[in-house]
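So the structure is just underneath, and the comments pick up after that.
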Amino acid sequence: MGTTKLTRKEISADPIHDALISTVDFLRTHAKIIGLAGAGVLLALLGFYFGLRYLDARDDSAQQELAKGMDYYHGTVDAVNAKDDPYGSGPAPVFRSEEAKFRAASAIFSSLASRYGTSKTGVMARYYLGLCQKQLGQKSEAIAALEAVGNNTSDRTVGYLAKKVLASYYLETGDAQKGLDIVQGMLKDPLCDLPREDLLIDVSRTYMAMGKREEALKTLEEAQASGAGGMLQSLVFQELSRLQSGSGK
């Protein structure tokens with residue numbers, strides 16, 4: 001059909017990457033806390049066939065829109081050279097400001113979320129809509145969107161990612177206990193498929209924000225003991241070493 005569908009891996013890569021980058025940023029800045037009859041039978045079969053054709057085309061179109069929205073979300077900002085058309089300067093979208101970028105992306109995700117509801121496309125769109133609203137300072141709207149995604153059952157991985165972002169957002173906005181409750185709930189959930197070490201780093205980060213250094217240390221020690229190596233274990237080791245040395249930041 002001349003279109004390319006996004007795979008689950010491609011669509012999920014960006015949020016997971018963002019989660020890891022947020023962890024790296026925290027460790028790098030130390031003090032910064034964070035900061036989806038015959039004729040009748042023939043007519044029925046034809047209707048079924050063309051119905052499937054319509055759904056396939058609709059799915060392709062939705063995924064193209066979703067890809068465009070994600071392009072906008074990750075677009076660059078150039079106040080001097082950006083044009084009215086985000087693609088006016090080349091294949092990558094360019095905007096005059098961060099606000100313009102997230103508003104443009106938000107419009108696409110909002111439309112998709114409204115039209116596709118609780119389908120996987122709708123859930124992914126609402127997840128990114130929540131991220132855009134968070135960037136735009138629309139706190140209540142962002143929380144509502146992320147909570148809706150977190151409660152979905154059509155794409156559990158995206159739901160858990162939404163909960164992780166929501167927990168971080170509560171921490172940023174001064175409600176550390178609510179954020180802690182969310183992450184601890186994910187750690188107890190046998191269906192949660194996010195890396196355990198990453199969630200434990202979030203718990204430790206929250207404890208530090210609450211002034212509970214000993215709990216933060218114990219959490220990182222648990223993360224170190226339960227890990228199997230790799231990048232996250234390296235991050236756990238760096239943060240644990242920092243806390244054990246007494247710097248804590």
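Starting from 1, each residue takes its place in the sequence as its number.
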Practice prompt. Check the side chains of Gln177 and Asp181 for a donor-acceptor pair under 3.5 angstrom, ignoring hydrogens and angles.
Written response: yes

Worksheet item: Salt bridge or not for Arg205 and Glu239, using N-O below 4.0 Å?
Response: no

Item to complete: State, with a plain yes or no, whether a side-chain heavy atom of Leu220 is found less than 4.5 Å away from one of Leu200.
Response: no

Discussion item. Using every non-hydrogen atom in the two residues, find where Ser204 and Ala216 come nearest and quote the distance to one decimal.
Written reply: OG-O, 3.2 Å

Worksheet item: Going through the checks in order, is the side-chain contact (heavy atoms from CB on, under 4.5 Å) test met by Tyr128 and Leu112?
Response: CA-CA 11 Å; Tyr128 268 98; Leu112 284 169; over 6 Å; no

Worksheet item: With no hydrogens and no angle check, is any side-chain donor or acceptor of Ser154 less than 3.5 Å from a backbone partner on Thr118?
Response: yes

Worksheet item: Taking C-beta and beyond as the side chain, do Leu194 and Leu161 meet within less than 4.5 Å on heavy atoms?
Response: yes

Discussion item. To the closest 0.5 Å, what do you measure between OH (Tyr207) and CG (Leu180)?
Written reply: 5.0 Å

Worksheet entry | CG-CG distance between Leu232 and Asp198, expressed to the nearest 0.5 angstrom | 5.5 Å

Worksheet item: OG1/Thr219 to CG/Leu199 distance, rounded to the nearest 0.5 angstrom?
Response: 12.0 Å

Discussion item. Tell me if a side-chain donor or acceptor on Asn152 pairs with a main-chain N or O of Asp155 at a distance below 3.5 Å.
Written reply: yes

Fill in: Minimum heavy-atom distance between Ala167 and Gly179, given as atom pair plus value
CB-O, 3.4 Å

Practice prompt. Using the six-membered ring wherever Trp is involved, compare the ring planes of Tyr87 and Tyr72 and label them parallel, tilted or perpendicular (cut-offs 30° and 60°).
Written response: tilted

Worksheet item: Looking only at heavy atoms, what is the nearest atom pair of Tyr127 and Val165, with distance?
Response: OH-CG2, 3.6 Å

Discussion item. Could you tell me if the side chain of Val183 sits less than 4.5 Å from the side chain of Ser168, heavy atoms only?
Written reply: no

Item to complete: Find out if a path of hydrophobic residues (ILVMFWY) with successive side-chain heavy-atom gaps under 4.5 Å connects Met70 to Val94.
Response: no

Discussion item. Closer than 4.0 angstrom, basic N to acidic O: yes or no for Glu214 and Lys218?
Written reply: no

Worksheet, complete the sentence: Nearest heavy-atom approach of Ala125 to Phe109 is O-CB, 3.4 Å

Discussion item. Salt bridge or not between Asp202 and Lys164? Use side-chain N to carboxylate O under 4.0 Å.
Written reply: yes

Worksheet item: So, does Ser245 use its side chain to make a donor-acceptor pair with the main chain of Arg242 at under 3.5 Å?
Response: yes

Item to complete: I would like to know whether Thr76 and Phe95 meet side-chain contact (heavy atoms from CB on, under 4.5 Å); could you show each step before the answer?
Response: CA-CA 6 Å; Thr76 57; Phe95 299 87; over 6 Å; no

Worksheet item: If we only count heavy atoms from C-beta on, is the Glu172 to Lys134 side-chain gap below 4.5 Å?
Response: yes

Worksheet item: Atom CG of Leu217 and atom CG of Leu243: how far apart are they, to the nearest 0.5 Å?
Response: 5.0 Å

Fill in: Euclidean distance, Lys163 NZ relative to Ile182 CD1, rounded to 0.5 Å
8.5 Å

Worksheet item: Do you know the tightest heavy-atom contact between Ala145 and Gln133?
Response: CB-OE1, 3.6 Å

Worksheet item: CG/Leu136 to CD/Glu99 distance, rounded to the nearest 0.5 angstrom?
Response: 6.5 Å

Fill in: Side-chain heavy atoms of Gln233 within contact of Gln224, under 4.5 Å
yes

Practice prompt. Output, in order, the C-alpha distance, side-chain angles, deciding distance and verdict of side-chain contact (heavy atoms from CB on, under 4.5 Å) for Asp193 and Arg156.
Written response: CA-CA 9 Å; Asp193 54 359; Arg156 292 188 183 277; 5.9 Å; no

Worksheet item: Under 6.0 Å from the six-membered ring centre of Tyr170 and within 45° of its axis: does the NZ or CZ of Lys178 meet both?
Response: yes

Practice prompt. Apply salt bridge (Lys or Arg N to Asp or Glu O under 4.0 Å) to the pair Glu65 and Arg115, showing each step before the final yes or no.
Written response: CA-CA 12 Å; Glu65 283 188 73; Arg115 286 183 286 136; 2.7 Å; yes

Worksheet item: Between Asp71 and Lys101, is there a salt bridge with N-O shorter than 4.0 Å?
Response: no

Practice prompt. Kindly give the heavy-atom pair with the smallest separation between Ala162 and Gly150, and that separation in Å.
Written response: CB-N, 4.0 Å

Worksheet item: Between Ser110 (side chain) and Ala107 (backbone), is there a donor-acceptor pair under 3.5 Å?
Response: no

Worksheet item: Heavy-atom distance under 4.5 Å between the side chains of Tyr169 and Thr173, does that happen here?
Response: yes

Worksheet item: Run the side-chain contact (heavy atoms from CB on, under 4.5 Å) check on Ser106 and Leu129 step by step: do they pass?
Response: CA-CA 5 Å; Ser106 182; Leu129 176 60; 3.2 Å; yes

Worksheet item: Any side-chain heavy atom of Leu131 within less than 4.5 Å of one from Tyr73?
Response: yes

Fill in: Salt bridge Glu222-Arg196, side-chain N to carboxylate O under 4.0 Å
yes

Worksheet item: Side chains of Leu66 and Met124: closer than 4.5 Å at any heavy-atom pair?
Response: yes

Worksheet entry | NZ/NE/NH1/NH2 to OD/OE distance under 4.0 Å, Arg126 and Glu147 | no

